[in-house]
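Here the structure is a predicted model, which is why all the values come from computation and not from measurement.
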Amino acid sequence: LTINHENDIKAPMPEGQPRVSLVTGARQGGIGFETSRQLAELGDIVFVSARTMGDAMSSVRALEKVGEVRPVKLDLTDRRSIDSAIDMVVASHGGLDRLIHCAAIFDKTTTALTDSSERIRKVFDIVVFGPWELDQAFLPGMEAESYGRVIHMLGSWGNLESAQTLEGMDGTYGNAKAAETLHVISVAADLRARGHYGVLINGVDPGRVKTNMNPNGVRTPQEAASEVVKVATLEEGSEISGKLFRGGVIVDFHTYPQAQ
């Protein structure tokens, strides 16, 4: 997954300047869109990304009165799209202060035994490999600045105990979320080993949120985004990394109740 942007990435903007954020999966109606809104309200320059430029532009038009938001086409199944998005951010700001992974794909009618190989690869591209590449691209700049916040959406689907109660619904998604969980833990350990305690990577379990992907959710995207933003804006000096947050508190990765 190593990509060749590291030498191009500079430290983000000087102290006193707005933080720069990139939110994936920020199409209107989801957690990413509301996270973009709330970060823009805080004064961040927010790169609002979606799989198509049309969706990204639609989100930006809805948010442009809130703060400084910029559209980015980012298809996590397309390496060229990933590279193009990275290049766009690097060219305009040198790097990021916050990277929020909200893109997802889910189909409760499929199981691990019936899913197609094509969809399995697509799910892992969106949930694991694409985000992994973005982390590798932007973390060096955060390390250089000794500040950075990376957030991954985790939860019950990737939890070994809770997964046993899901009756096989979209086992591919669950497998990918389990891999994403381990990614968060391992990257946090790598950062600590390198002495970069100001760069934090954490998971947030947003719960069952009512979105385009999950119309039967019970929480609002605004509620979930509020919890995401709290973790994404942990104060300077915090060393909380490699953790899972649910309801604003740290919970155990191994055994915790299925999100409501």
Side-chain angles (χ1 to χ4, degrees), residues 18-78 81-82 84-86 88-89 92-93 96-109 119 122-123 125-127 130-131 134 138 149-155 157 170 173 176-177 180 203-233 259-260:
R19 295 292 188 190
V20 181
S21 298
L22 169 65
V23 182
T24 74
R27 179 184 175 190
Q28 287 193 68
I31 300 171
F33 176 80
E34 291 300 331
T35 297
S36 298
R37 179 198 298 279
Q38 294 181 29
L39 288 173
E41 288 174 343
L42 290 176
D44 281 19
I45 298 169
V46 183
F47 286 90
V48 180
S49 76
R51 186 176 60 84
T52 69
M53 181 55 80
D55 283 340
M57 285 296 300
S58 179
S59 292
V60 164
R61 283 192 291 268
L63 297 174
E64 58 189 358
K65 293 183 179 179
V66 174
E68 189 167 352
V69 290
R70 302 179 182 181
V72 181
K73 180 182 183 297
L74 178 53
D75 181 350
L76 293 170
T77 68
D78 183 345
S81 177
I82 294 171
S84 177
I86 293 168
M88 177 182 176
V89 173
S92 60
H93 288 89
L96 292 173
D97 298 297
R98 311 190 220 276
L99 173 57
I100 321 294
H101 298 286
C102 293
I105 179 173
F106 179 77
D107 182 355
K108 67 179 181 180
T109 67
R119 183 176 180 275
K122 182 176 182 179
V123 171
D125 279 341
I126 293 171
V127 176
L134 291 174
F138 290 114
R149 304 290 183 264
V150 179
I151 308 297
H152 286 255
M153 297 298 105
L154 305 178
W157 288 94
D170 205 348
Y173 180 73
K177 280 295 176 184
E180 187 181 16
V204 173
D205 176 2
R208 293 173 55 202
V209 182
K210 187 173 183 178
T211 64
N212 296 326
M213 189 177 77
N214 182 24
N216 297 318
V218 296
R219 305 188 72 212
T220 67
Q222 293 88 343
E223 290 171 329
S226 176
E227 295 177 5
V228 172
V229 170
K230 286 178 182 177
V231 183
T233 56
Q260 297 300 314

Looking at every heavy atom in both [X] and [Y], which two are closest together, and how far apart are they?
X	Y	answer
A103	L76	CB-CD1, 3.6 Å
T24	S49	CA-OG, 3.0 Å
P221	G30	CB-O, 3.7 Å
V72	A56	O-CB, 3.6 Å
L154	G203	CD1-CA, 3.7 Å
R98	R19	NH2-CG, 3.2 Å

Distance check, rounded to the nearest 0.5 Å: [X] atom [atom1] versus [Y] atom [atom2]?
X	Y	atom1	atom2	result
F138	L96	CZ	CG	4.5 Å
I82	K73	CD1	NZ	10.5 Å
H93	L22	NE2	CG	12.0 Å
R27	S36	CZ	OG	14.5 Å

Could you tell me whether the side chain of [Y] reaches within less than 4.5 Å of the side chain of [X], counting heavy atoms only?
X	Y	answer
P206	E227	no
V48	V23	no
F47	L74	no
L63	V46	no
V20	D97	yes
P18	E68	no
Q38	V228	no

Sub-3.5 Å donor-acceptor pair from the side chain of [X] to the main-chain atoms of [Y], do we have one?
X	Y	answer
Q28	S58	yes
S92	M88	yes
S21	D44	no

Next on the checklist: Quick one, L134 with I86, criterion side-chain contact (heavy atoms from CB on, under 4.5 Å). Give me CA distance, side-chain angles, the key distance, then yes/no.
Outcome noted: CA-CA 8 Å; L134 291 174; I86 293 168; 3.9 Å; yes

Next on the checklist: If you apply the rule salt bridge (charged side-chain N to carboxylate O under 4.0 Å, His left out), what do you find for E180 with K177, and how did you get there?
Outcome noted: CA-CA 5 Å; E180 187 181 16; K177 280 295 176 184; 2.8 Å; yes

Item to check | L39 vs I100, side-chain contact (heavy atoms from CB on, under 4.5 Å): CA-CA, chis, key distance, verdict | outcome: CA-CA 11 Å; L39 288 173; I100 321 294; 4.2 Å; yes

Checklist entry - Counting only heavy atoms not in K122, do more than 12 fall under 6.0 Å of its NZ? => result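 No, the 6.0 Å shell around NZ holds no more than 12 heavy atoms from other groups.
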
